[in-house]
Amino acid sequence: GGTTAQCYVTFRGEYGDYGPCQLERPDGAAAAKALGEGCKDVFDVCALDVGPLKAVAVSHDNTGTSPSWHLMAVTVRRARTATEEARTYEFYYDGWVSADK
């Protein structure tokens with residue numbers, strides 16, 4: 001299964017930061033696999049325009065019996081704004097999101 005913790009993302013851009021934004025888990029059976037090993041999860045997040053992205057911070061509240069998880073990468077697909085065309089950003093991590101690892 002996936003992490004038992006509640007997960008968040010913060011966007012860091014040229015105009016400032018926005019977040020943390022809670023990542024809403026799917027309902028039902030899919031929730032057990034969310035943010036699990038080998039899974040590719042998709043979350044829709046509505047955020048203020050922070051300009052061109054410089055970084056994405058992923059965190060969790062360390063709750064439950066298995067809060068840590070291994071994160072390979074984060075892809076952000078940004079919608080078109082008044083000042084920027086639609087764009088995809090890739091942030092590679094390949095590490096544990098954990099309070100103790």
Side-chain angles (χ1 to χ4, degrees):
T3 179
T4 55
Q6 183 56 61
C7 303
Y8 304 90
V9 63
T10 298
F11 302 100
R12 298 199 167 122
E14 242 177 57
Y15 309 150
D17 296 352
Y18 186 81
C21 303
Q22 184 174 330
L23 299 178
E24 297 291 336
R25 293 178 186 279
D27 292 327
K33 293 183 179 181
L35 299 168
E37 184 177 355
C39 290
K40 179 179 179 181
D41 299 291
V42 177
F43 298 93
D44 289 327
V45 177
C46 186
L48 295 177
D49 183 8
V50 296
L53 283 178
K54 294 181 176 184
V56 173
V58 178
S59 60
H60 65 75
D61 64 3
N62 206 39
T63 57
T65 57
S66 182
S68 301
W69 86 97
H70 191 266
L71 176 65
M72 289 299 298
V74 174
T75 301
V76 177
R77 290 187 183 93
R78 179 189 166 131
R80 181 183 170 154
T81 68
T83 59
E84 188 177 342
E85 293 295 319
R87 184 169 173 193
T88 299
Y89 296 88
E90 298 279 342
F91 298 96
Y92 294 95
Y93 186 74
D94 194 15
W96 287 93
V97 178
S98 171
D100 58 359
K101 292 187 182 188

Does Asp94, at its CG atom, have more than 12 non-hydrogen atoms belonging to other residues, nucleotides or ligands within less than 6.0 Å? yes
For the residue pair Trp96 and His70, does the interplanar ring angle fall in the parallel (under 30°), tilted (30 to 60°) or perpendicular (over 60°) class? perpendicular
Contacts satisfying ring-ring contact (aromatic ring centres under 6.0 Å, His included) that involve residues 34-56 (not counting sequence neighbours) are none
Under the salt bridge (Lys or Arg N to Asp or Glu O under 4.0 Å) rule, collect the residues that match up with Arg77, sequence neighbours excluded. none
Checking Gln6 side chain against Glu24 main chain: does a donor-acceptor pair fall under 3.5 Å? no
Kindly state each residue pair satisfying salt bridge (charged side-chain N to carboxylate O under 4.0 Å, His left out) with at least one member in residues 4-21, sequence neighbours excluded. Arg12-Asp17
For Ala55 and Phe91, the nearest pair of non-hydrogen atoms, with its separation, is CA-CE2, 3.6 Å
Quick check on the hydrophobic clustering: are Tyr89 and Tyr18 connected, directly or via other members, by side-chain heavy-atom contacts under 4.5 Å? yes
Same cluster (ILVMFWY, side-chain, under 4.5 Å), Val97 and Tyr8: no
Going through the distances and angles, do Tyr93 and Val58 end up as a side chain to side chain contact (heavy atoms under 4.5 Å, CB included)? CA-CA 10 Å; Tyr93 186 74; Val58 178; over 6 Å; no
CG of Leu71 to OH of Tyr92, rounded to nearest 0.5 Å, is 12.0 Å
Using only atom types and a distance under 3.5 Å, with no angle test, would you say the side chain of Ser98 pairs donor to acceptor with the backbone of Pro67? no
For Ser68 and His60, which heavy atoms make the closest approach, and how far apart are they? CA-NE2, 4.4 Å
Hey, is the main chain of Asp49 close enough, under 3.5 Å, to the side chain of Arg78 for a donor-acceptor pair? no
In Å, rounded to the nearest 0.5 Å, how long is the span from CG of Leu48 to SG of Cys21? 8.5 Å
Taking Tyr15 as the starting point, is it possible to reach Val45 by hopping between hydrophobic residues whose side chains are less than 4.5 Å apart? no
Smallest separation among heavy atoms of Thr88 and Glu90, with atom names: CG2-OE2, 4.1 Å
To the nearest 0.5 angstrom, please state how far the CD atom of Gln22 sits from the CG atom of Asp61. 8.5 Å
Determine yes or no for a side-chain-to-main-chain donor-acceptor pair under 3.5 angstrom, with Ser66 supplying the side chain and Thr4 the backbone. no
